[in-house]
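Heads up, the thing below is written out as structure tokens.
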Amino acid sequence: MEDTMTPQAIWENLGPYLLPFGLRAIGALVLVIVGLRIAGWLASLVRKQAVRNPQIDATLSNFFASLVQWAIIAAVGIATLQVFGVQATSFVAVLGALTLAIGLSMQGALGNIASGVMIMVFRPYKLGDYIEAAGVAGTVKDISLFQTILATPDNIKVIVPNSQAIDDVIKNYSGFDRRRVDVTFGIDYDDDMDKAIRIIQSVIDADARVLRDPEPFVRVVNLGDSSVDIASRSWVNSADYWPVRLDITHKVKAAFDREGISIPYPHRTVVQKVAAE
């Protein structure tokens, strides 16, 4: 007699196994859906709270939000595996070994991430600052976990790895509200020093962008090989640094020309000897 399995017989044989598995699958699906929703909600909450804090910029708020979201997703993944009977300790051990292997193979990238976190937390510079880092200077256009993007004065895009930026000396020219404009002028030894000082002082005093406190400084600072060097030091708002520096240089040179003050330049004397016949 031919042995056939009826649907009832199949259910009687597989039902005790399929029913618990189905319930676990449904529970895991619900856990994943709820967990992902919670992860997204908490990430959004962290981002909103960070944006409200004036000490935290947009880059750092996005980083914190992503960190919270992925941490919750990882916890949901571990909980989902436990629903199917996978021991969390075994999974964590495997994950730890995998993380170690990936970390050893990506030391440079991980170093950039760590440096990026330090830059975001300690804030040596922010978006819009003009800085010098890793031997290049430019305006900060973007800060990510891996790199800092600068735009040079001639609008060249420079990508600086965060590990190089944080390990080198960082000069932040926008770090303070005020900067000092230092311009030195050399005049001929035969010219009137006091007159030259008055000319430089008048040019500085006529510029409304120059701050009066601290008071501008104009003095003879050096007697060079071919010139008397007069230094001018005046304080301005950081945004006015280059316009003021260029204007002072131009206007003092024009005033020197009008008043007969000469700026010496290198001369070469050629001596020609004629051999006796």
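From Arg209, atom CZ reaches atom CD1 of Ile248 across 8.0 Å, with rounding to the nearest 0.5 Å. Here Met118 contributes atom CE and Ser163 contributes atom OG; the two are 11.5 Å apart, rounded to the nearest 0.5 Å. Rounding to the nearest 0.5 Å places CE of Met193 at 11.0 Å from CD1 of Ile261. Atom CD1 of Ile204 and atom CG of Asp247 lie 12.0 Å apart (nearest 0.5 Å). Atom CD of Gln201 and atom CZ of Phe217 lie 10.5 Å apart (nearest 0.5 Å).
In this view, Asp240 satisfies the salt bridge (Lys or Arg N to Asp or Glu O under 4.0 Å) rule with no residue, not counting sequence neighbours. Considering only residues two or more places apart in sequence or on other chains, Arg180 meets the side chain to side chain donor-acceptor pair (under 3.5 Å) condition with Asp182. Scored by the side chain to side chain donor-acceptor pair (under 3.5 Å) test, Asn172 finds Asp129 as partners (sequence neighbours excluded). Residues passing the side chain to side chain donor-acceptor pair (under 3.5 Å) test with Asp213, sequence neighbours excluded: none. Taking Lys157 as the reference, nothing meets the salt bridge (Lys or Arg N to Asp or Glu O under 4.0 Å) condition, with sequence neighbours excluded. Remark: Asp168 engages no residue in a salt bridge (Lys or Arg N to Asp or Glu O under 4.0 Å) (not counting sequence neighbours).
Of all non-hydrogen atoms in Ile170 and Ala133, the two that sit nearest each other are CG1-CB, 4.3 Å. Closest non-hydrogen pair, Pro264 versus Ile187, comes out as CD-C, 3.5 Å.
Residue Asp154 qualifies as enclosed at atom CG: its count of foreign heavy atoms under 6.0 Å is above 12. Around atom CZ of Arg212, more than 12 heavy atoms belonging to other residues, nucleotides or ligands sit under 6.0 Å away.
Proximity of a side-chain donor or acceptor of Ser238 to a complementary backbone N or O of Asp177 within less than 3.5 Å is detected. When atom types are taken as modelled, the side chain of Ser44 and the backbone of Trp41 share no donor-acceptor pair closer than 3.5 angstrom.
Note on Val169 and Ile119: separate hydrophobic clusters, where clusters join Ile, Leu, Val, Met, Phe, Trp and Tyr whose side-chain heavy atoms are under 4.5 Å apart, directly or indirectly. By the rule that hydrophobic residues join a cluster once side-chain heavy atoms approach within less than 4.5 Å of another member, Val181 and Leu246 end up as members of separate clusters. In the hydrophobic clustering of ILVMFWY residues, with side-chain heavy atoms under 4.5 Å counting as a link, Phe256 and Val221 come out apart. Note on Ile200 and Leu211: separate hydrophobic clusters, where clusters join Ile, Leu, Val, Met, Phe, Trp and Tyr whose side-chain heavy atoms are under 4.5 Å apart, directly or indirectly. Linking ILVMFWY side-chain heavy atoms closer than 4.5 Å, directly or via other members, places Tyr241 and Leu150 in two distinct hydrophobic clusters.
Grouped with Ile33 in one hydrophobic cluster are Leu29, the linkage being side-chain heavy-atom contacts under 4.5 Å among Ile, Leu, Val, Met, Phe, Trp and Tyr residues. Ile149 belongs to a hydrophobic cluster with Ile159, counting contacts under 4.5 Å between side-chain heavy atoms of Ile, Leu, Val, Met, Phe, Trp and Tyr, direct or through other members.
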Go through the steps to decide whether Tyr125 and Thr148 satisfy the test side chain to side chain contact (heavy atoms under 4.5 Å, CB included), and finish with yes or no.
CA-CA 10 Å; Tyr125 51 81; Thr148 295; 2.8 Å; yes

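Taking the side chain as every heavy atom from C-beta outward, Asp207 and Val244 approach each other to under 4.5 Å. Side-chain contact between Val32 and Leu36: present, with at least one pair of heavy atoms (C-beta onward) separated by less than 4.5 Å.
Residue pairs meeting the ring-ring contact (aromatic ring centres under 6.0 Å, His included) criterion with at least one member in residues 154-209, sequence neighbours excluded, are Tyr130-Tyr173. For residues 249-258, every residue pair satisfying the salt bridge (Lys or Arg N to Asp or Glu O under 4.0 Å) rule, not counting sequence neighbours, is listed here: Lys253-Asp257. Sorted by first and then second residue, the pairs that involve residues 190-204 and meet salt bridge (Lys or Arg N to Asp or Glu O under 4.0 Å), not counting sequence neighbours, are Lys195-Glu259.
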Could you pull out all donor-acceptor pairs under 3.5 Å where a side-chain atom in residues 228-237 meets a protein atom, sequence neighbours excluded?
residue	atom	partner	partner atom	Å
Asp229	OD1	Ser227	OG	2.9
Asp229	OD2	Asn222	ND2	2.9
Ser232	OG	Val183	O	2.8

